[in-house]
A.B. asks: 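First the structure, then my questions, so here it is.
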Amino acid sequence: MAKTDKKVPMNHVIGFALSLIMTLLAAWAAIQSDLPVTWVIVFIMVLALLQAGVQLFMFMHMTEKESGGGAVPWNMMFHGFALAAILVAGSLFTMSFGFDHGDHGDHGGEHEEHMEMDDSEGDHSGH
């Protein structure tokens, strides 16, 4: 059996620590800080961009010569960003308009009245 010398990948450890720190900072900004909402959003977006950079350069081997001659795979990055933009835009669209599966009126009171009438009848045989 060949003896292998395994070294700790310090780039990965540093990248992981930086990612954890930025995630905790974003959570603190959203939960505990007294900053205005606009500044919290700006702070979280800046942290997201920084974390994306850490992910690309420390985990995705963007600068290593062994990964295809050091060439950046621009087509894969473009498609990844396009997919992320579509997912974010679709999520924001869905959350902002609050689709409720066809119930477009304020029928809450009528629905509760029907429920009370059904319960007060008392005949639940066969149910």
A.B. asks: Taking side chain to side chain contact (heavy atoms under 4.5 Å, CB included) as the test, write out the residues that go with Ser19, two or more places apart.
C.D. replies: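 Ser19 satisfies side chain to side chain contact (heavy atoms under 4.5 Å, CB included) with Gln51, Val54, Gln55, Phe59 only.
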A.B. asks: Applying side chain to side chain contact (heavy atoms under 4.5 Å, CB included), name anything that partners Leu20, two or more places apart in sequence or on another chain.
C.D. replies: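 Scan of Leu20 (side chain to side chain contact (heavy atoms under 4.5 Å, CB included), adjacent residues dropped) gives Phe16.
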A.B. asks: For residues 40-49, pull every pair meeting side-chain hydrogen bond (donor to acceptor under 3.5 Å, both in side chains), keeping only residues two or more places apart or in separate chains.
C.D. replies: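 Found none.
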A.B. asks: Please name the pair of heavy atoms, one in Met58 and one in Asn11, separated by the smallest distance, quoted to 0.1 Å.
C.D. replies: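 Nearest pair, atom of Met58 first, then Asn11: SD-O, 3.7 Å.
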A.B. asks: Members other than Leu87 in its cluster, when Ile, Leu, Val, Met, Phe, Trp, Tyr link by side-chain heavy atoms under 4.5 Å?
C.D. replies: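 ILVMFWY cluster around Leu87 also holds Leu83.
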A.B. asks: Hey, does Met45 have a side-chain heavy atom less than 4.5 Å from the side chain of Ile41?
C.D. replies: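 Ile41 vs Met45: side chains touch.
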A.B. asks: For Val8, which residues count as a side chain to side chain contact (heavy atoms under 4.5 Å, CB included) partner, sequence neighbours excluded?
C.D. replies: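 Result, side chain to side chain contact (heavy atoms under 4.5 Å, CB included) vs Val8: Met10, Val13.
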A.B. asks: Main chain of Phe93, side chain of Ser96: is a donor-acceptor contact present, judged purely on distance under 3.5 Å?
C.D. replies: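 Yes.
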A.B. asks: Show every donor-acceptor pair shorter than 3.5 Å between a side-chain atom in residues 24-31 and any protein atom, with sequence neighbours excluded, or say none if there are none.
C.D. replies:
none

A.B. asks: Could you give the distance from CE (Met22) to CD1 (Ile44), rounded to the nearest 0.5 Å?
C.D. replies: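 If I round to the nearest 0.5 Å, the distance is 13.5 Å.
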A.B. asks: Sequence neighbours excluded, which residues qualify as side-chain hydrogen bond (donor to acceptor under 3.5 Å, both in side chains) partners of Ser33?
C.D. replies: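 If we apply the side-chain hydrogen bond (donor to acceptor under 3.5 Å, both in side chains) test to Ser33, skipping adjacent residues, there are no hits.
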A.B. asks: Hydrophobic clusters join Ile, Leu, Val, Met, Phe, Trp and Tyr when side-chain heavy atoms are under 4.5 Å apart, directly or via other members; which others share one with Leu92?
C.D. replies: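 Under the 4.5 Å side-chain rule, Leu92 groups with Val88, Met95.
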